[in-house]
Asks: 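Before we start, here is the structure in question, set down as C-alpha cells.
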Amino acid sequence: MSFDVGRVRAAYPALAEGFVHFDGAAGTLVAAPVADAVAATMRTAVGNRTTVFEPGRRSGRIVAAARDAVADLVGGDPAGVAFGPSATALTYSVARALADTWAPGDDVVVSRLDHDANVRPWVQAAARAGVTVRWAEFDPDTGALPAEQYRDLIGERTRVVALTAASNAIGTRPDVATVAALAHAKGALVYVDGVHATAHLPTDVAALGADFYVTSAYKWSGPHLAACVAAPATWATLAPDKLSPSPDAVPDRFEWGTLSFELLAGIRAAVDHLAGLDPAAEGSRRARVLASVAAAHAHTRELFAALIAGLRAIDGVTALPAPAGGCPTVSFRLDAEPPEATATALGDQRICVYAGDYYAYEYFRAMGLRDTGGAVRASIYHYNTAEEVGRFLDAVARRAAERTLRLGVGAGDHIDAHEGSTA
Ligand SMILES: Cc1ncc(COP(=O)(O)O)c(C=O)c1O
C-alpha cells in the first residue's frame with residue numbers, strides 16, 4: 001500500500017489558493033482530471049442520446065461509462081446505477097415510488113443519526129401513505145447507533161429500513177450489514193445513505209446488504225451529481241411517475257429528463273482518479289479503487305487521530321462523542337461560543353470548517369444543541385496534511401485562549417454535551 005499526499009495534492013489545482021479544507025464532508029475540491037473531462041466533453045460534439053449519429057452515440061457511451069465507474073466504486077451492477085441531481089432528489093423519488101406499494105398498517109424505520117435527506121423523504125412518504133414511522137435512536141453518550149434495537153423496530157409489516165453508512169456529523173459507522181440482515185429476514189428493503197461514507201471507505205453494496213445505496217460525487221472529488229445503486233430486478237419492481245415517451249427500461253425510467261452528459265464524464269474521471277490514489281494498486285479498476293480508498297483512509301485516519309488528540313488537549317473544547325473506527329469527521333464546540341462564531345474565526349484564518357447542524361437535524365435536536373447553533377465540524381479528506389492539522393489546532397487553541405482572556409470564560413462554562421470517546 002502506498003500513499004503520497006504530495007502527489008495527490010498536485011491533482012487538486014484549487015489547493016493552490018491556500019485554504020485549509022476541513023470541509024470535505026460538505027463537498028470536496030474537484031480533481032483536475034474531473035474538471036478536464038467536464039470541459040472536454042463540453043468542447044466536444046455531444047448530442048442527445050441517439051443511435052443515428054456519432055455525437056448522439058457519444059452521449060450514450062458517456063452514460064454507460066459513468067454507470068460502469070460508479071459500479072466499480074461501490075460494487076453492484078452497472079445496469080442498476082441510476083443518476084440524479086442529488087442524493088436528496090434521488091431519495092425523494094425512490095421513496096415516492098416505494099410508497100405507492102405501501103398500505104396503511106405498514107411501517108418504515110428511520111434513524112435519528114441520519115442526515116435529513118434519508119429521513120424526511122421517508123417520513124413524508126409515510127404520512128401520505130398512512131404508514132407508521134419507527135425511529136432508531138443513537139446513544140447520546142457514545143454516538144453509536146446500536147444495531148440490536150432493530151430487532152424490536154423491524155416487524156412483519158416493515159417495508160423499508162433507511163439507514164446511513166456513516167454519520168455526516170460525527171462519523172459513526174452503524175453496523176449496516178447486521179441491520180440489513182434483520183430487515184431482510186422480515187422482507188423489508190434497506191435504503192443506505194452512502195453520501196458521507198463513500199468518500200472514506202472501500203464500499204461493497206452487497207456486503208452492506210443495501211438494496212439501494214445512494215452516493216453523491218461532489219463528496220468524492222467529482223461533480224455535483226448523485227447516483228442510486230440497486231439491482232436491476234429491484235428497480236423493476238417500482239413504477240415511478242415518468243413521461244409517456246421516455247424510456248421505460250431500468251434504471252432509465254428513474255432518470256427524469258436529459259442527463260448531464262458533461263458531469264457524467266466527470267464522474268467517470270473522478271472514479272479513475274480515486275483508483276489511482278495508490279500508485280502501487282494493481283488489477284481491475286474495482287480492485288484499484290478498493291486498494292486506493294483503503295490507502296487514503298489509512299492516511300486520513302492517522303491525521304484524524306492527531307486532530308482528535310489535539311482538540312482534546314485544548315481547554316474549552318468539547319468534542320461530541322463518537323465511537324472508535326468512524327469516518328474522519330468530528331463535531332465540536334468551544335465552550336459556550338456560538339459555533340458559527342468559532343467557524344468564522346477559523347474561516348478568517350483561511351481554515352474552512354462548517355457550523356450548524358449540516359442537516360443532521362434529528363441528531364442535533366436529540367443532543368439538545370440545535371437551538372444553540374449546532375456545532376463546528378471538521379472533516380478530513382485525502383488531500384489534507386499533518387501540517388494543516390497543526391494549523392487548525394493552533395487556530396482553535398488561539399481562539400480558546402482569546403476567549404478566556406476576553407471573557408474570563410473558565411472550564412465551568414463548557415457546553416452541556418455528553419463527554420466520551422471521539423476517536
Ligand atoms: C450523509 C449525507 N446524506 C445526504 C446528503 C445530501 O446529499 P445531496 O446534497 O447530494 O442531496 C448529504 C450532504 O451533505 C450527506 O452528508
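Everything numeric here is computed off the predicted structure, so don't read it as measured data. Note that ligands are numbered from 1 as they come in the structure, with each ligand's atoms numbered from 1 the same way. Heavy atoms only: backbone and side chains are in, while hydrogens, waters and symmetry mates are out.
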Asks: Tell me every residue that passes side-chain contact (heavy atoms from CB on, under 4.5 Å) with Ala79, counting only those two or more places apart in sequence or in another chain.
Replies: Asp77, Pro232
Asks: Take Tyr218 and Val30, measure what side chain to side chain contact (heavy atoms under 4.5 Å, CB included) needs, and give me the verdict at the end.
Replies: CA-CA 8 Å; Tyr218 73 95; Val30 169; over 6 Å; no
Asks: Parallel, tilted or perpendicular, judged at 30° and 60°: which one describes the rings of Phe254 and Trp235?
Replies: tilted
Asks: Hey, which of Ile308, Thr300, Leu307 is the one that makes side-chain contact (heavy atoms from CB on, under 4.5 Å) with Pro328?
Replies: Thr300
Asks: List for me each residue that meets ring-ring contact (aromatic ring centres under 6.0 Å, His included) alongside Tyr12, sequence neighbours excluded, and say none if there are none.
Replies: His273, His382, Tyr383
Asks: Using the ring-ring contact (aromatic ring centres under 6.0 Å, His included) criterion, which residues pair with Tyr359? Sequence neighbours excluded.
Replies: His115
Asks: Check ligand 1 for close polar pairs with the protein: N or O on both sides, less than 3.5 Å.
Replies:
unit_1, atom_1, unit_2, atom_2, d
ligand 1, 3 (N), Asp193, OD1, 3.3
ligand 1, 3 (N), Asp193, OD2, 2.5
ligand 1, 9 (O), Tyr218, OH, 2.5
ligand 1, 10 (O), Ala87, N, 2.8
ligand 1, 10 (O), Ser216, OG, 2.5
ligand 1, 11 (O), Ala87, N, 3.3
ligand 1, 11 (O), Thr88, N, 2.8
ligand 1, 11 (O), Thr88, OG1, 2.5
ligand 1, 14 (O), Lys219, NZ, 2.6

